[in-house]
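Below: the structure, in structure tokens.
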Amino acid sequence: MNDFEENDYEQKDSEELIQRFQDMINGEATYYFDSEELEIIVNELLEDMDLPLAEEAVEYAVKQYPTDSYFRLMRVRLLILDASLEEAESELDEIEASFPLTHEFYLEKVLLLRILEKDEDVLELLEKAYVLAPDDPEVLLSLIYEAISRNEMDKAVKYMETAIEADDSFEEKLFTIANYIEENENLDYDDAIKFFSSLTNKFPLCTGAWFALGSAYKSAGQFEKAIEAYLYTLSTDDNALVAYYNIGNAYFEMGEYEKAREAYLKNLKDDSTDYLTLNAIAHCYQSENNETEALRYFQKSFNINENNPGAIIGITTIFINLKKTEELLIFINKAIELDADSYQLFSLTAPYLIEGQHIGQLKHLFYSALNQVIDNEEKEELIYSFGELCCENGDYNVGIEVLENKIEEDEEEDDEEVMDAVYYVLAALYFLNNQPKEGEKYLELALIMNFVGYTDFIELHPDLESNPSVKKLVKLHNPF
């Protein structure tokens, strides 16, 4: 049986186990599951994020195998995923008191401590896990990340060498570690360079080590050395085409846009649908003031993934710069139709739409953005941002029309927290537009619904706090 057939068999086997478990809990059949089978079921359900069924499987397993600490640890994992952190901590304390400690126990405890931001003991706990399971990839990877985050590069090298010697495939993790280094601004990049240099010396054919070294050089601003390291990456594995993307980034930072484009295009040979690379090529053309070619690549990127901010920002910026109003309006309508990121699009185009009095598109885009946002705090932020824009530019009537329409359309469906923001912004717009009666009406509604929102209201414009009608209503409805 080849690897593909074996993986396919294992997949079917786990699916069959899960189906049998579902049939059992639904009362449709009676089955016996040994601990290994239940472990497979739990792991698959957690991987698929089927948390309700995973919880049933874990609780069943705990009852069937009360002396097996693994299922208690999986209960901890579910509590963490449910954000029940106190319960998770309590469960870990019980496990620590009742079972022999395993490396899995220390990994779960580390996970919880990191979430609780109590990470002072994390390295010590991971080292205890290492003693129990010195070849475990998850333990080694956690130790490497922790050592790097503390700039303890000697320890990171030690654990990385152990990991690669234990399993050649572990070097693939170095690509992920390279991304971590690029994104972590608190690292000492000189130490990171020493770390990865020592790995390339010990493992000169390790593709991931050369790639990570290139990323460390790039993060340190040593772009020529970064390019050299990425070329070594390709010499060890000519299929590591992602190195071309990073070579392109290094050339871009050096202002060598033609060479950057050449590198990006080589990366596209690996995946012609890589929208990030298409965005990068567009940025090269933008930097050369070639808006036509930039637009072409941004549009290619958007057609592949309509929710990528790079393409949305690029396209709208170019249309606005070139004053291509008709094309911009068509793009906005297309983006809304495709359910693209309306929040991002609204933030970029609202000033332009207001200035051009394209109120229909403004309304459509604003409502689309509100519908896409799930969190009420983010909805409030969007409403206040729109209000600030109208107040700053004196476009009071535009704001009033958009928000009044919002109330008429779906007031009953909105959460109170969101509607109080609408009322506060409307009150501000009416007061500033010399329509005090309407301003008083909406301010009173807002104060009754959420008095503390008053602080956001007065930040919309400096004249609001000193307005006599505002002072009177605030004094009347102040509950404190």
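- Heavy atoms of other residues, nucleotides or ligands lying less than 6.0 angstrom from CG of L476 number more than 12.
- The main-chain N or O of A229 is found under 3.5 Å from a side-chain atom of T233 such that the two form a donor-acceptor pair.
- Side chains of I177 and F196 form a contact here, defined as non-hydrogen atoms less than 4.5 Å apart.
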Go through I18 and L53 one step at a time and tell me if the side chain to side chain contact (heavy atoms under 4.5 Å, CB included) criterion holds.
CA-CA 9 Å; I18 290 170; L53 191 57; 4.2 Å; yes
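- Nearest heavy-atom pair, L348 versus I320, reported as atom, atom and distance to 0.1 Å: O-CD1, 4.1 Å.
- A 6.0 Å sphere centred on CG of D93 holds more than 12 heavy atoms belonging to other residues, nucleotides or ligands.
- Under the 30°/60° scheme for interplanar angles, the aromatic rings of Y285 and Y297 are found to lie parallel.
- If you take NZ on K225 and CD1 on I193, they are separated by 7.5 Å, rounding to the nearest 0.5 Å.
- A donor-acceptor distance shorter than 3.5 angstrom exists from the side chain of T316 to the backbone of I313, with no hydrogens or angles considered.
- In this structure, L143 and L123 have side chains that are in contact, with non-hydrogen atoms separated by less than 4.5 Å.
- Within a 6.0 Å radius of NE2 in H364, no more than 12 heavy atoms belonging to other residues, nucleotides or ligands are found.
- In this structure, E326 places its CD atom where only 12 or fewer heavy-atom neighbours from other residues, nucleotides or ligands lie under 6.0 Å away.
- Taking each heavy atom of D420 and A446 in turn, the nearest pair found is O-CB, 3.9 Å.
- Shown here is E355, whose CD atom has no more than 12 heavy atoms of other residues, nucleotides or ligands within 6.0 Å.
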Verdict with reasoning, L460 to L429, per side chain to side chain contact (heavy atoms under 4.5 Å, CB included):
CA-CA 9 Å; L460 287 167; L429 292 168; over 6 Å; no
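- Under the 4.5 Å side-chain criterion, counting only non-hydrogen atoms from C-beta, K300 is not in contact with I281.
- In this structure, N478 contributes its side chain and V474 its backbone to no donor-acceptor pair below 3.5 Å.
- Between E127 and K155 there is a salt bridge, since a side-chain N of the basic residue sits under 4.0 Å from a carboxylate O of the acidic one.
- Using modelled atom types, one finds no donor on one side chain facing an acceptor on the other under 3.5 Å when comparing Y275 with N308.
- A centroid separation of 6.0 Å or more is found between the aromatic rings of Y442 and Y424.
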Would Q435 and I400 count as a side chain to side chain contact (heavy atoms under 4.5 Å, CB included) if you check the C-alpha gap in whole Å, the side-chain angles of each, and the deciding distance to 0.1 Å?
CA-CA 11 Å; Q435 294 175 266; I400 289 168; 4.0 Å; yes
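- Nearest heavy atom pair, residue R75 against residue E91, reads NH1-OE2, 3.2 Å.
- Note that CD1 of I41 is 6.5 Å distant from CZ of F21, once rounded to the nearest 0.5 Å.
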Report the C-alpha distance between V58 and R77 in whole Å, list the side-chain angles of each, state the deciding distance to 0.1 Å, and finish with yes or no for side chain to side chain contact (heavy atoms under 4.5 Å, CB included).
CA-CA 10 Å; V58 166; R77 177 73 58 84; over 6 Å; no
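- Of the possible polar contacts, none joining the E306 side chain to the N303 backbone as a donor-acceptor pair under 3.5 Å is found.
- In summary, R114 and E146 engage in a salt bridge, as defined by a charged side-chain N under 4.0 Å from a carboxylate O.
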Test log, rule salt bridge (charged side-chain N to carboxylate O under 4.0 Å, His left out), inputs E401 and K363:
CA-CA 9 Å; E401 183 179 343; K363 285 181 187 177; 3.0 Å; yes
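- The closest side-chain heavy-atom distance from F71 to P66 is not below 4.5 Å.
- Looking at heavy atoms from C-beta onward, D191 lies out of side-chain contact with I148 at the 4.5 angstrom threshold.
- For F105 and F99, the distance between ring centers is not under 6.0 angstrom.
- Between R296 and E293 there is a salt bridge, with a side-chain nitrogen of the basic residue lying less than 4.0 Å from a carboxylate oxygen of the acidic one.
- Y217 places no side-chain N or O within 3.5 Å of a backbone atom of Y189 that could act as its donor or acceptor partner.
- Residues L174 and M160 form a side-chain contact, since some pair of their non-hydrogen atoms from C-beta on lies under 4.5 Å apart.
- Put simply, the side chain of T317 never gets that close to the backbone of G314: no donor and acceptor are under 3.5 Å apart.
- Of the possible polar contacts, one joining the N393 side chain to the L389 backbone as a donor-acceptor pair under 3.5 Å is found.
- Counting all heavy atoms, side chain and backbone alike, F252 lies closest to C284 at CD1-SG, 3.7 Å.
- Taking the six-membered ring for Trp and the full ring otherwise, the centers of F298 and H283 sit less than 6.0 Å from each other.
- Across all non-hydrogen atoms, the minimal contact from V139 to L126 is CG1-O, 4.1 Å.
- Exactly one of Y245, Y251, Y244 qualifies for a ring pair (Phe, Tyr, Trp, His ring centres under 6.0 Å) with Y264. That residue is Y245.
- The shortest distance between side-chain heavy atoms of E440 and K472 does not fall below 4.5 Å.
- A 6.0 Å sphere centred on CD of E138 holds no more than 12 heavy atoms belonging to other residues, nucleotides or ligands.
- In this structure, the side chain of Q372 engages the main chain of S342 through a donor-acceptor pair within 3.5 Å.
- For the residue pair N290 and E288, no side-chain donor N or O sits within less than 3.5 Å of a side-chain acceptor on the partner.
- With hydrogens and angles ignored, the 3.5 Å screen pairs no side-chain donor or acceptor of S90 with any backbone N or O of E86.
- Here the CD1 atom belonging to I458 is positioned 8.5 Å from the CG atom belonging to L464, to the nearest 0.5 angstrom.
- Ring-centre distance between F319 and Y352: not below the 6.0 Å cut-off.
- Of the possible polar contacts, one joining the Y367 side chain to the V402 backbone as a donor-acceptor pair under 3.5 Å is found.
- K218 and A226 make their closest contact through N-CB, 3.7 Å (heavy atoms, listed as atom of the first residue, atom of the second, distance).
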